Amino acid sequence: MLTERTFDTGEVAIHYVESSASGPLLILLHGMSASWQVFETTIPFLAVRWRVVAADLRGHGQSGHVAGEYALADYVRDIRALHRHLSDEPAVVVGSSLGAMVAIGLAAEHPDTVRAIVLEDPPLGFASGAPGATQPAHAGMVETRDLVAAGHSLPELVRVLTPKMQNQDAVNVRRRAVNLSRLDPDLLTTYVEDRCYVGFDLGERLGRVVCPTLLLQGNPALGGALSDAEARWAASLMADCVHVSLPEAGHGIRGALPDRYRSLVTGFLSTI
């Protein structure tokens with residue numbers, strides 16, 4: 001059973017769900033333009049051992065919007081505050097895409113807060129210092145920002161998304177439309193205008209990650225966000241990193257390879 005809650009950080013209201021299971025704390029963080037529901041099939045197997053919390057990042061889902069305040073440091077500050085609200089003990093943080101970048105920032109800046117991290121295909125290229133327009137995902141991000149900013153109703157979003165998601169069933173199209181309908185377009189503008197990682201030295205932050213880390217890499221040829229060179233570089237900088245490349249999956253490793261994802265995550269966490 002999941003309980004829905006809201007925590008006010010003093011800057012923004014963060015919506016989250018919490019499992020009924022007791023145990024050490026594990027926080028799940030979704031990717032850009034998603035919500036906590038992407039972990040609905042992940043929570044049950046983690047809740048066997050962990051007290052699982054899945055949060056909507058600011059500007060997403062049912063969490064609050066804060067115009068112009070969507071830098072990575074803002075997300076890290078929110079999750080740091082949420083953690084302090086939930087527990088005095090270090091937590092495992094499992095992050096997908098943007099959530100993985102938040103996990104890196106949290107582990108680097110607050111090592112006492114983080115017991116271990118799992119990084120699902122983090123988009124390190126966006127934090128490399130290179131212009132965002134050079135990243136393969138940039139054009140899609142601009143298109144999504146403009147679609148969200150147009151203020152379409154949910155049925156209109158479904159209509160627009162259906163031909164763009166021909167490989168997805170109608171339920172997944174609707175879920176995507178719901179997530180976009182709740183999204184603050186300004187957070188996508190922060191990425192488009194290269195303001196998300198201002199002041200965030202990626203190499204320096206990675207070098208400060210000392211907790212055990214599982215780095216899962218998708219295949220760039222299938223839409224993965226992490227190149228082989230970036231993955232090797234990141235793994236070499238973190239003190240205790242297990243790097244697993246998954247050439248059969250793109251950016252959404254969890255959805256493409258659910259059994260493999262479950263095996264890797266539970267296997268890694270059994271060593272913590």
Side-chain angles (χ1 to χ4, degrees), residues 1-7 12-21 25-48 50-65 70 75 78-79 82-83 86 91-103 118-123 140-141 144 147-148 152-155 157-158 160-162 164-165 167-185 187-188 216 218 223 225 249-262 265-266:
M1 178 178 176
L2 297 176
T3 302
E4 297 200 44
R5 306 185 191 278
T6 300
F7 170 65
V12 64
I14 297 297
H15 174 262
Y16 66 96
V17 297
E18 184 174 9
S19 70
S20 57
L25 181 62
L26 184 150
I27 300 174
L28 296 168
L29 302 176
H30 61 79
M32 175 68 72
S33 74
S35 64
W36 75 264
Q37 282 94 340
V38 298
F39 292 112
E40 282 181 313
T41 58
T42 305
I43 293 171
F45 69 77
L46 290 175
V48 171
W50 305 89
R51 173 192 173 198
V52 181
V53 166
D56 285 335
L57 297 173
R58 63 165 62 194
H60 297 77
Q62 296 182 62
S63 287
H65 295 186
Y70 294 109
Y75 295 115
D78 291 343
I79 302 308
L82 177 62
H83 172 265
L86 293 168
V92 169
V93 182
V94 178
S96 171
S97 192
L98 170 61
M101 300 302 293
V102 178
V118 176
L119 310 175
E120 182 187 354
D121 209 43
M141 196 167 291
T144 301
L147 177 62
V148 173
H152 293 297
S153 67
L154 180 59
L157 281 171
V158 171
V160 173
L161 290 172
T162 296
K164 300 177 183 294
M165 300 176 65
N167 62 332
Q168 299 287 323
D169 60 46
V171 171
N172 282 330
V173 173
R174 181 177 173 84
R175 287 172 64 112
R176 175 66 171 163
V178 168
N179 282 337
L180 293 184
S181 72
R182 296 173 173 172
L183 195 69
D184 185 349
L187 72 88
L188 291 168
L216 301 178
H251 191 47
I253 296 168
R254 191 174 0 91
L257 303 171
D259 292 339
R260 181 72 170 134
Y261 176 86
R262 173 176 179 167
V265 172
T266 56

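Residue indices begin at 1 and follow the sequence shown. Computed over heavy atoms, backbone and side chain alike; hydrogens, waters and symmetry mates excluded. The model shown is predicted, which means the values in this text are computed figures rather than measured ones.
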Go through the structure and list residues passing ring pair (Phe, Tyr, Trp, His ring centres under 6.0 Å) with Phe7, not counting sequence neighbours. His85
Extract all donor-acceptor atom pairs below 3.5 Å that involve side chains of residues 36-45 and protein atoms in other chains or at least two apart in sequence.
residue: Gln37; atom: OE1; partner: Ser35; partner atom: OG; Å: 2.7
residue: Glu40; atom: OE1; partner: Arg175; partner atom: NH1; Å: 3.3

Once side-chain contact (heavy atoms from CB on, under 4.5 Å) is applied, do any residues pair with Ala177, and if so which ones, sequence neighbours excluded? Leu154, Leu157, Val158, Leu161
With sequence neighbours left out, what residues match Ser33 under side-chain contact (heavy atoms from CB on, under 4.5 Å)? Arg176, Leu180, Leu183
Could you walk me through whether Leu187 and Tyr75 pass the side-chain contact (heavy atoms from CB on, under 4.5 Å) check? CA-CA 11 Å; Leu187 72 88; Tyr75 295 115; 3.9 Å; yes
If you compare all heavy atoms of His251 against all heavy atoms of Ser97, which two are closest, and at what distance to 0.1 Å? NE2-OG, 2.8 Å
Would you name the heavy atoms of Met101 and Pro123 that are closest together and state the gap between them? CG-CD, 3.8 Å
Does any non-hydrogen side-chain atom of Ile79 lie less than 4.5 Å from one of Leu57? yes
Taking all heavy atoms of Ala103 and all of Val93, pick out the closest pair and write down the distance. CB-CG1, 3.7 Å
For a quick test of reading the model, state the closest non-hydrogen atom pair linking Asp121 to Gly218 and the distance between them. OD1-N, 3.0 Å
For Arg58 against Asp78, the heavy-atom pair lying closest together: NE-OD2, 2.6 Å
Mind checking what makes side-chain contact (heavy atoms from CB on, under 4.5 Å) contact with Gln62, not counting sequence neighbours? Glu4, His15, Asp56, Arg182
Which atom pair, heavy atoms only, marks the closest approach of Val171 to Asp169? N-OD1, 3.1 Å
Roughly how far apart are Leu46 CG and Arg51 CZ, rounded to 0.5 Å? 14.5 Å
Value rounded to 0.5 Å, distance of CG in Leu216 from CG in Leu119: 8.0 Å
The test is side-chain contact (heavy atoms from CB on, under 4.5 Å); show your working for Met32 and Leu188 and say whether it passes. CA-CA 8 Å; Met32 175 68 72; Leu188 291 168; 3.7 Å; yes
Glu120 side chain to Arg254 backbone, donor-acceptor under 3.5 Å: yes
Heavy-atom distance under 4.5 Å between the side chains of Asn179 and His60, does that happen here? no
Across all chains, not counting sequence neighbours, the side-chain contact (heavy atoms from CB on, under 4.5 Å) partners of Val48 are none
Derivation of the side-chain contact (heavy atoms from CB on, under 4.5 Å) call for Ser19 and Leu2: CA-CA 5 Å; Ser19 70; Leu2 297 176; 4.1 Å; yes
